[in-house]
Amino acid sequence: MLPLHPAIFRRLCDVTTPDQTDTDQTERHSGDLAPQYVPGEVETRRYQGWVDSGYFTADASSPAPSYTIMIPPPNVTGSLHIGHALDHTLIDALVRRRRMQGYNTLWLPGTDHAGIATQNVVERELAKEGLSRHDLGRTEFVERVWQWKGEYGGKILGQMRRLGDSVDWTRERFTMDDGLSRAVQTIFKRLFDDGLIYRAQRIINWCPRCMTALSDIEVDHSDDDGELVSIRYGDGDTEVVVATTRVETMLGDTAVAVHPEDPRYTRLVGKTIELPLTGRRIPIVADPHVDPEFGTGAVKVTPAHDPDDFEIGRRHDLPSLVIMNERGVITASGPFEGLDRFEARPAVLAALREDGRVVAEKRPYVHAVGHCGRCGTTVEPRLSLQWFVKVGPLAKAAGDAVRDGRVRIYPAQLAARYFDWVDDMHDWCISRQLWWGHRIPVWYSADGEVRCVGPDDERPGEGWTQDADVLDTWFSSALWPFSTLGWPDDTADLRAFYPTSVLVTGYDILFFWVARMMLFGLYAMAGAGADESVPFRKVSLHGLVRDAHGKKMSKSRGNTVDPLDWITRFGADATRFTLARGASPGGDVALSEEWVVGSRNFCNKLWNALRFALINGAKASPGGDTLQPSDLGSLSVPDRWILSRLGSVIADADALFDEFEFAKVSDLLYHFAWDEVCDWYLELAKPALNGDDPAAAELTRRVLGHVLDQLLRLIHPLMPFVTEELWTALTGGESVMIAAWPSGLVTAGEAESDDTRSATTPAADPAAEAEIESLMRLVTAVRRFRADQGLRPTQPVPAVFDGIGATLLAPHERSIRSLLRLTEPGDGVAFTPNASVEAESITVELDTSSGIDLAAERRRLEKDRALAVADAEATERKLANSSFVDRAPAEIVAKSRARLAAAQAEIARLDERLATLPQAAGQ
RNA sequence: GCCCGCUUAGCUCAGCGGCAGAGCACCCGCGUGACAGGCGGGAGGUCGGACGGUCAGCACGUCCAGCGGGUACCA
């Protein structure tokens, strides 16, 4: 029995290769890589090595310029989901690149206490024991939450190791750490003293389930079906019809309002009218807020249960009648008392109908209804005493910082949304009726005195009680860029790392978090000056992760991707690369297993490219100085070509990284590595590597080593593990993580003197690029011909290369034979140099004596001719147009002329070929 | 209601004034020496619709349609 090629054997048996094997990968050493990259073991080993090496740790006393990114702190209750994976991939790529460029990098990790979310989790735990938080009491409950946090919180931090996040573990923070609490109290007191925090009776968004106030952005609006009911108030002469979607609130009406200039009602303004079902009489007031065009031009006014009505009430000094409690249950005495708000609505309507008060009903009536962002319960506007931040001056500053370019938003178009919000921001309700969170540092005395207590102030004694509420969780998040660095103290970290360099996050929290960091950062750090007070210099916003069809991922749809699952099955690098490849600025990322398989394959491609290089003795050094300037004079054309391409890829990659174009930079590196380095360069290098010229072989080994060395450095930020494994094997260096970034862009002064940051990548070489492109065209042409003819790759091709191609490519005969797998000289390929031929195209002459498929060849030639004719005609028409010739730029016209000439030459060539092509057999 | 995106190959998306591109999927071939998680070849689009400006439009302008998102105090 003949030995089978392993691949064929696998195919015959339909044996799939396991995604992960726990074979003897650890035994491997350089130059002896396994044929497949198995990520699992490499990742744990490498990550621990990185942590141990201390390279993740920032140095506040370093003279190097710093580069700081704060993690968007995930909820302590959270675990790593695909959105975090995306965010972290992008951040880590930025940080790793800067680290390689010599910056003093800090990526600071940590978690958020996440008020409501965490409280809910612990309350659920308690419920299992049949307890509520009230059974424990506040102190014990909060103690329980801390306990829970100690045991289960911060799981995500451990999971970040799997992704390869190069965070500074020595600087981990939590929004309720002592230091951060101090920051919260400090800024609260400062805002309070500046009159920017106040307490007031206001209509706020209330969630009757969570039993707490919510800020505007914690409320999601949706268009819900409702019912618009018109009700007749009063009788006879003083009759007014009002419309409402919330019938039950009429129990709390304290007025009817009309527009001051509405002639229909002028005679009624100032009079009172009877409110149905209640027997109360309420005034008719004139208020410019009322739109006379809408409905009957008269509105019912319920100051305690509607934000607009509250304002009207204030203007007219109307009483606010609260008819509902914090659970949404009617408290107004009478037949409806004790009914839930949704039961009360039909009940009140029925009573009105019975009373003959209902004039018209319109259903369904679509209108916007607010829902609690956390639990979905319909939000109730509720009059209550809350704390607010007066955002006016803060928001102005936050808008200006972006307007004048101190903070740049990527992509720029999202800045419009930022302005929309910041320029018209309502005061921020910051008090929450929860137990878990930063307690409001305000104390009240029995006789109504109010005292705001700073972190270093003495607590008020006997007779004083602290405000029971806690702060909105975003209050402390807003301080994150500086509270994590030790503010309010003037620490070395704060001086070294603030302002942070970039904020990377999803556009979905632009308002929640980004805008509020702007508010507080600019305020708290104002002393640093306009340029230095910003919390970050750039904001890079990415989109949401979606499934392969652009649908939102959700558990109920069953289309979620678990990053940990992907990391286990395909590796962290493949997972990261897949995310990076999809991440265009502000754009959503569509994911499916197909993509990650492709990325895994890419890892393996790199792996095998390096395997090839090591087998062939490629040389590279950790300093990146494998190639000496003296080498450049004796390079072969393929070597010159790939170095030229490398140089341009480095420049492009740099520009793309700077613009946060992760998808593009990934694509660029993918194609350069796969299409150019692997598919062409490695093949072109083979003859030299295996040839009999030792000097040429040695030089190519160095070029190969250099190119792969630089390539691995470029890819490392995106795929840290494989690149580390391969780079250390190739160069013998300690870690690619601290190898110099190829562009060598480093601010003077912080590079080590023996650090060769300007690697020997020569300038662009257009001649070599053109020559290799010709070679590629020729090789492709022969391959196509061979495929059309149904010939095997190793089967001799009965062709003669003619024309300029032959002249140009004669020196590459060996490469061409190698690429086309033509091992025997005299197998039908002949190079016939002829310097007088000027046609640009490369022609392949058929050796008509051999038995090729003439009919197929004729069809192919005819098709090519048709295309050439169409092209020539179109170009000719264009050139016949005098406007074009006169007005288009000269280079464009020249290009068109050249194109026409080429097309005509092509036609002539094809005609000749067709004329000399023998008739197919049988004719 | 207002604002903003998107609409290009079967799918997901690049391209944003001068020859329609990528990945995956698809078809054909491959006992190939780094890799079958591979190699070579191929097919596939009048760039949502209608007008308009330009020597030149997939790209710019106006309008329309479909989809997505943001935001809002229309009772």
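Letters A, B, ... are given to chains in the order of the sequence lines, protein chains preceding strands, and every chain is numbered from 1.
Comparing the C1' positions of B:A65 and B:A50 gives an interatomic distance of 11 Å, to the nearest angstrom. Rounded to the nearest Å, the gap between the P atom of B:G10 and that of B:G69 is 25 Å. B:U8 and B:G15 have their C1' atoms separated by 9 Å, with the value rounded to a whole Å. Between B:C24 and B:A43, the distance separating the two C1' atoms is 16 Å to the nearest Å. For the P atom pair drawn from B:G44 and B:C3, the interatomic distance equals 43 Å after rounding to whole Å.
The side-chain tip of A:R202 does not point at the ring of A:F310 from less than 6.0 angstrom away and within 45° of straight on. Figure legend: A:R777 and A:W680 shown without cation-pi pairing, the cationic atom not lying both under 6.0 angstrom from the six-membered ring centre and within 45 degrees of its axis.
Ion pairing between a basic and an acidic side chain is recognised when a charged N comes within 4.0 Å of a carboxylate O; A:R246 and A:E248 show such pairing. The pair A:R600-A:E593 does not count as a salt bridge, with every side-chain nitrogen at least 4.0 angstrom from each carboxylate oxygen.
When heavy atoms are screened at a 4.0 angstrom cut-off, A:D679 is found touching the sugar-phosphate backbone but no base atom. Within the nucleic acid shown, A:A416 has no heavy atom closer than 4.0 Å to any nucleic acid atom. Using a 4.0 Å heavy-atom criterion, one finds that A:N604 contacts the bases of the nucleic acid, with or without backbone contacts as well. Counting non-hydrogen atoms under 4.0 angstrom, A:A368 reaches a base of the nucleic acid. In this structure, A:R246 reaches neither bases nor backbone, as no heavy-atom distance under 4.0 Å exists between it and the strands shown. Residue A:F511 is in sugar-phosphate contact alone, with no base atom involved, counting any heavy-atom pair closer than 4.0 Å across all strands shown. Among the heavy atoms of the strands lying under 4.0 Å from A:H671 are primed sugar atoms or P, OP1, OP2 only; no base atom is included. Contacts of A:L610 with the nucleic acid, taken as non-hydrogen atoms under 4.0 Å apart, are absent. Nucleic acid contact class of A:C678 (heavy atoms, under 4.0 Å, all strands): base.
Remark: A:K664 is in phosphate contact with B:G15, judged by side-chain N or O atoms under 4.0 Å from OP1 or OP2. Side-chain N/O atoms of A:R784 include one lying less than 4.0 angstrom from OP1 or OP2 on B:G42.
Between the P atom of B:A75 and the CD1 atom of A:I231 lies a distance of 14 Å, rounded to the nearest Å.
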